[in-house]
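Notes for the one structure printed next.
Naming: A, B, ... by sequence-line order, numbering from 1 per chain. Source: prediction; values computed, not measured. Atom set for the values below is all heavy atoms of this structure, side chains included, hydrogens, waters and symmetry mates excluded.
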2 protein chains.
Amino acid sequence: MPNLKLNKPTESEMAILQILWEEGPSTVREVHEILSGTKESGYTTTLKLMQIMHDKGMLSRNDESKTHIYSTLIKKESVQKQVVGNMIKGLFKGSSAKLVMHALGNHRASSEEISEIKKYLDEMELTEMTKKKKNEKK
Amino acid sequence: MPNLKLNKPTESEMAILQILWEEGPSTVREVHEILSGTKESGYTTTLKLMQIMHDKGMLSRNDESKTHIYSTLIKKESVQKQVVGNMIKGLFKGSSAKLVMHALGNHRASSEEISEIKKYLDEMELTEMTKKKKNEKK
DNA sequence: TTCGATGTACGAAATCTTTCGTAGTAATGA
DNA sequence: TCATTACTACGAAAGATTTCGTACATCGAA
């Protein structure tokens, strides 16, 4: 039976989750193949890892055919949110702006992306203003 | 003698580094006190952790007086860079813009911060344009 | 049908991290 | 001086994570 408590994924588990997010439902072999690109390790290691993740309730699997197909049950968004949140809290003193500028400074974005971000910021400012107006009216 | 290879800090090590970045050079007692705010654990645990970090070359210490004073040897910036980089690569498909919008979406920034970011983006666009011009001239 | 390739299951070793107990030492004050 | 307190040092247990070997099942081709 699946373990109830949903612990933070370990590092190896993260690697596997990322592959499944990217590739969609996959077999152990497929995941292992990709993993091998980055990291030396045996097939049964990947297998065991994915079995453990399944036990923990992180992955579901379809075992109708001999070769099982695994899918992630963890939402990418929730992990993103958690990781980004921790980072802002721990490494950037709670300032998302600090993180943002750090990220942009070290990982140059294309000019399309830059204008997309600016548009996004404009929207944020707008909704901020309307909120203020509403409050003033009260 | 200090260990040469500089491995990625573990989670407990990160907690200690963050305290030292925040507080500056500190004694084990001081670090432990702060740590205790968040997390139950004995004094000697913190001591041992910091001794290990010292062995690994992550921390330096002044042991002129009986009570040693530890300082971090790891640059906050380098860890920020590393962590942000991994995150962009692994969780945001290499797009810093994705991370940026995610961060802003979940951790609202003040309007001062927003305009600071916009200024920053303008500058980025400018340097981007001058670069292009130079290339055209060639 | 037999062999080899490809799977799963799973125990247990190896490794890494965290935690703590105990021993010993210097400083402090009664 | 002697007890108490606050330290460091460090081995070793406890816990967590990762790795792998081995056993066994299934499938398909010779």
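- The side chain of A:Gln51 has C:dT8 as its nearest neighbour among C:dT17, C:dT8, D:dA9.
- Rounded to a whole Å, the CE atom of A:Met14 is 17 Å from the C1' atom of D:dT18.
- Within 4.0 Å of B:Thr10, counting heavy atoms only, lie sugar-phosphate atoms of the nucleic acid but no base atom.
- Here D:dA6 presents its P atom at 15 Å from CD of B:Glu30, a figure rounded to the nearest Å.
- Considering only side-chain atoms of B:Leu47, the nucleotide from D:dT19, D:dA9, C:dC10 that sits closest is D:dA9.
- An OP1 or OP2 oxygen of C:dT19 is reached within less than 4.0 angstrom by a side-chain nitrogen or oxygen of B:Lys39.
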task: Give the C-alpha distance, both sets of side-chain angles, the deciding distance and a yes or no for side chain to side chain donor-acceptor pair (under 3.5 Å) between B:Gln51 and B:Asp55.
output: CA-CA 6 Å; B:Gln51 284 171 342; B:Asp55 286 351; over 6 Å; no

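- Across all their heavy atoms, A:Leu59 and A:His54 have their closest contact at O-CD2, 3.1 Å.
- Between the P atom of D:dA9 and the CG atom of B:Asp63 lies a distance of 8 Å, rounded to the nearest Å.
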**Request:** Please test B:Leu99 against A:Gln80 for side-chain contact (heavy atoms from CB on, under 4.5 Å), starting from the C-alpha separation and ending with a verdict.
**Result:** CA-CA 9 Å; B:Leu99 165 60; A:Gln80 288 176 329; over 6 Å; no

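- With rounding to whole Å, B:Glu33 atom CD is found 14 Å from D:dC7 atom C1'.
- The distance between atom CD1 of B:Ile52 and atom P of D:dA12, rounded to the nearest whole Å, is 15 Å.
- A:Ser41 comes within 4.0 angstrom of the backbone, heavy atoms only, and of no base.
- Across all strands shown, B:Ser12 has heavy atoms under 4.0 Å from sugar-phosphate atoms exclusively, and none from any base.
- Judged purely by atom type and a 3.5 angstrom limit, B:Glu30 uses its side chain to pair as donor or acceptor with the backbone of B:Thr27.
- Candidate nucleotides C:dT19, D:dT17, C:dT8 were compared by shortest atom distance to the side chain of A:His68, and C:dT8 ranks first.
- Candidate nucleotides D:dT19, C:dT19, C:dG7 were compared by shortest atom distance to the side chain of A:Arg29, and C:dG7 ranks first.
- If you check distances only, the side chain of A:Lys48 never reaches the base of D:dG21 with a donor-acceptor pair under 3.5 Å.
- Salt-bridge formation is detected for the pair A:Lys8/B:Glu11: a Lys NZ or Arg NE/NH1/NH2 atom is positioned less than 4.0 Å from an Asp or Glu carboxylate oxygen.
- Taking atom CE on B:Met58 and atom C1' on C:dT17, their separation rounds to 12 Å, with Å as the unit.
- Put simply, the side chain of B:Lys66 and the base of D:dA6 share a donor and an acceptor less than 3.5 Å apart.
- Taking every side-chain heavy atom of B:Tyr43 into account, D:dC7 is the closest of C:dT18, D:dT18, D:dC7.
- Judged by distance alone, the side chains of A:Ser95 and B:Glu113 do bring a donor and an acceptor atom under 3.5 Å apart.
- If you take CE of A:Met50 and C1' of D:dT17, they are 17 Å apart, rounded to a whole angstrom.
- When each of B:Ile69 and A:Glu13 is assigned the nucleotide of DNA chain D bearing its nearest heavy atom, the one mapping closer to the 5' terminus is B:Ile69.
- Put simply, CE on A:Met53 is 13 Å from C1' on D:dT18, counting in whole angstrom units.
- Listed candidates were C:dT8, C:dT18, D:dC7. Nearest to the side chain of A:Val28 is C:dT8.
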